[in-house]
2 protein chains.
Amino acid sequence: MLIRLDPASATPLFDQLAGSIRASIISGRVAAGERLPAARDLATSLDVNVHTILRAYQELRDEGLIELRRGRGAIVASAPRDFGDLTAAIDSVVAEARASGVPPAALAALIREAYQ
Amino acid sequence: MLIRLDPASATPLFDQLAGSIRASIISGRVAAGERLPAARDLATSLDVNVHTILRAYQELRDEGLIELRRGRGAIVASAPRDFGDLTAAIDSVVAEARASGVPPAALAALIREAYQ
DNA sequence: ACCTATTTGTCCGTATGTATG
DNA sequence: CCATACATACGGACAAATAGG
């Protein structure tokens with residue numbers, strides 16, 4: 001897995017990491033079931049702190065892209081999902097929210113509530 | 001704000017914290033617009049690390065319960081109003097997301113992206 | 001316009017716990 | 001029992017946004 005980090009960038013390292021890995025997963029460059037490098041190994045090879053890697057991994061876990069298990073590592077979740085018409089529904093929600101001047105944070109709160 | 005932590009508990013400190021504060025917000029014991037203690041202050045008074053507090057705060061922010069801003073602190077978000085049409089659109093998005101097994105965090109990420 | 005204090009954000013380092021294999 | 005690898009928590013440092021004088 002080819003990952004390049006720019007320490008000078010305004011976007012945080014852990015975000016660059018998550019973005020890079022996320023792209024690899026979605027594009028299928030890393031297959032489902034495959035294991036990502038151990039956090040400490042990746043940290044060493046990229047010369048960043050373990051926490052930075054773990055934070056990126058945990059973000060991807062929250063998005064459902066990977067599974068994290070102690071002793072096993074980070075495994076790419078099965079079925080890189082095709083979000084299909086979900087994106088269309090999202091677009092309409094966002095458009096509507098924009099029109100009513102609902103800020104992103106409020107929208108997120110509303111959606112979270114609806115989810116429960 | 002009365003917060004009690006049990007270091008011996010199986011549930012992590014940051015989760016106990018988030019849970020306690022979440023309950024206070026939802027029950028209305030802390031009003032919207034009110035400011036939570038500065039992370040460092042709370043850390044000192046509870047005798048835990050600042051990171052532990054910040055992690056709890058960030059969890060609550062992800063849930064839309066508070067807003068975090070540098071230099072300002074953690075402010076309890078205003079209760080989500082009823083946004084009319086928007087709620088219908090939200091319901092359909094959430095329904096689709098559920099059907100496709102898209103977890104809340106992933107949905108939030110997609111929406112954030114769409115918003116930009 | 002400037003400076004200072006406040007407060008969160010990120011990152012580094014270290015230690016210990018705990019589930020997995 | 002032992003090695004692996006994530007999970008949590010502690011500590012410290014500096015950056016960046018905010019607010020107030």
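Numbers restart at 1 for each chain; the letters A, B, ... are given by sequence-line order, proteins then strands.
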Quick one: L17(A) CG to dC11(C) P, roughly how many Å, whole number? 9 Å

Protein-to-nucleotide contact annotation, 5' to 3' order, nucleotides 13-21 of chain C [B base; S sugar-phosphate only; - none; under 4.0 Å, heavy atom]: BB--BBBSS

With a 4.0 Å limit, can you tell me whether R35(B) has a side-chain N or O closer than that to the phosphate oxygens OP1/OP2 of dT6(C)? no

Within-4.5 Å side-chain heavy-atom neighbours: R72(B) and E67(B): yes

Value for CD1 (I75(A)) from CG (L68(A)), rounded to nearest 0.5 Å, stands at 8.5 Å

Separation between CZ of R4(B) and CG of L17(B), rounded to the nearest 0.5 Å: 13.5 Å

Which residue lies toward the 5' end of DNA chain D, P37(A) or D47(B), if each is placed at its nearest nucleotide? P37(A)

Treating S9(A) as the side-chain partner and L5(A) as the backbone partner, does any N or O pair qualify as donor plus acceptor under 3.5 Å? no

Enumerate donor-acceptor pairs with a distance under 3.5 Å from any side-chain N or O in residues 52-60 of chain B to protein atoms, sequence neighbours excluded.
| unit_1 | atom_1 | unit_2 | atom_2 | d |
| --- | --- | --- | --- | --- |
| Y57(B) | OH | P37(B) | O | 2.7 |
| E59(B) | OE2 | R22(B) | NH2 | 3.3 |

Rounded to the nearest 0.5 Å, what separation is found between the OG atom of S20(A) and the CZ atom of R29(A)? 7.5 Å

If you measure from CG on N49(A) to CZ on R40(A), what distance do you get to the nearest 0.5 Å? 9.5 Å

Value in whole Å for how far the C1' atom of dG9(C) lies from CZ of F14(A): 8 Å

Rounding to an integer number of Å, can you tell me how far R55(B) CZ sits from dC11(C) P? 15 Å

Reading DNA chain D in the 5' to 3' direction, which nucleotide is the first one with an atom under 4.0 Å from a heavy atom of chain B, and which is the last? dT8(D) to dA19(D)

Greater than 12 external heavy atoms within 6.0 Å of D6(B)'s CG: yes

